[in-house]
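Working notes, structure below.
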Amino acid sequence: MGVVLSNIIAIYRRELQSYFVSPLAYAIAGVFWFLAGLFFILILMGPDGILAAVTALDLQGQQFGVPVPPIDVPYEFVRAFLDRMGWLLLFVLPILSMGLYAEERKRGTLELLATSPVTNWAVAVGKLLGVLTFFITMVVPMLALEAIALSASTPPMPPTIPLLGHLALILLAAAILSLGMFISSLTDSTILAAVLTFAVILLLLFVDLIAKNISGPIGQALGYLSLLKHYNNLIQGIFDISSIILFGSYIILGIFLTAQSIDALRFQRQ
């Protein structure tokens, strides 16, 4: 067990270091921060943002003497912002995951991994943890901005809702990256890996729309597989253990399929 753990840590450090010296990774982070910051400003202070909408409702209530129902601005802001962030992941994460194994195939180092004494599971887990850690470093500045904005709310917002929402964001990212890692292990083309990952994740996000047209237990089962449905549950502050289990299942599935893919390569080389 100690040997496996040390192998995972070694792969993890190697993968994480590769992101911090990669110009592409910095470009992805820059685009992510720009778009996330733009969403942040527009949702909060834009012409159609939450503050403008609340101000307009207050003015209408004063003009017509109609009581305005209270609006939980911090909650609506966190929910709307995390909803946009979830859609942003659909475009950013396939680019992050496309080179996890495709680059190894292109450079010819995947054969070395496949024939090395390091287990395929250790390699897959280490690579996934590395890219997920890099993604978390991308999210931290946005979390700091949210904390600054929410600190001005009266009464203060309970931390459980934004924390649960960001946990959902990380779980969604881990599920997408895990499946993207498997797709990357199937080809030496990074562009093809990114496109296929985008297509698969898009299908898993909207599978509940397909399920609505299918009656019976098959339709219910397909609806349960929707990533978007379970992500929305969590960012609304609903702690649903089944949603946590679903994301965990996707993560384990991606790692398992990746290990089997490298096993097949190891068998071919033997």
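Throughout, residue positions are numbered sequentially from 1 according to the sequence presented.
When all heavy atoms of V131 and L128 are compared, the pair lying nearest together is CG1-O, 3.3 Å. Of all heavy-atom pairs spanning M142 and G37, the tightest one is CE-N, 3.8 Å. Nearest heavy atoms, G254 versus F182: O-CB, 3.9 Å. Of all non-hydrogen atoms in H166 and P162, the two that sit nearest each other are ND1-O, 2.7 Å. Between G99 and T190, the shortest heavy-atom distance links the atoms CA-CG2, 4.2 Å. Closest of all the heavy-atom pairs between I183 and A193 is CG2-O, 3.8 Å.
Contact check for L42 versus R84: no side-chain heavy atoms found under the 4.5 Å cut-off. Side-chain contact between F247 and L227 is present, with at least one heavy-atom pair separated by less than 4.5 Å. When side chains are defined from C-beta on, I255 counts as touching M181, because their heavy atoms get closer than 4.5 Å. Side chains of I28 and W33 form no contact here, defined as non-hydrogen atoms less than 4.5 Å apart. Under the 4.5 Å side-chain criterion, counting only non-hydrogen atoms from C-beta, I170 is not in contact with V139. Within the 4.5 Å cutoff, the side chain of I235 has no heavy atoms near those of the V78 side chain. The shortest side-chain heavy-atom distance between Q17 and Y12 does not fall under the 4.5 Å cut-off. Annotation: side chain of L171 is not in contact with side chain of Y250 (no heavy-atom distance under 4.5 Å).
The side chain to side chain contact (heavy atoms under 4.5 Å, CB included) test with T197 singles out one residue from V200, V195, I201, and that residue is I201.
Ring-centre distance between F40 and F77: below the 6.0 Å cut-off. The six-membered or imidazole ring of F20 lies near that of F134, with a centre-to-centre distance under 6.0 Å.
Annotation: cation-pi geometry satisfied between K127 and Y101 (NZ/CZ under 6.0 angstrom from ring centroid, within 45° of ring axis).
Looking only at distances, no side-chain donor or acceptor of S178 sits under 3.5 Å from a matching main-chain atom of A174. Using modelled atom types, no side-chain atom of S184 and backbone atom of G180 make a donor-acceptor pair closer than 3.5 Å.
Linking ILVMFWY side-chain heavy atoms closer than 4.5 Å, directly or via other members, places L143 and F39 in two distinct hydrophobic clusters.
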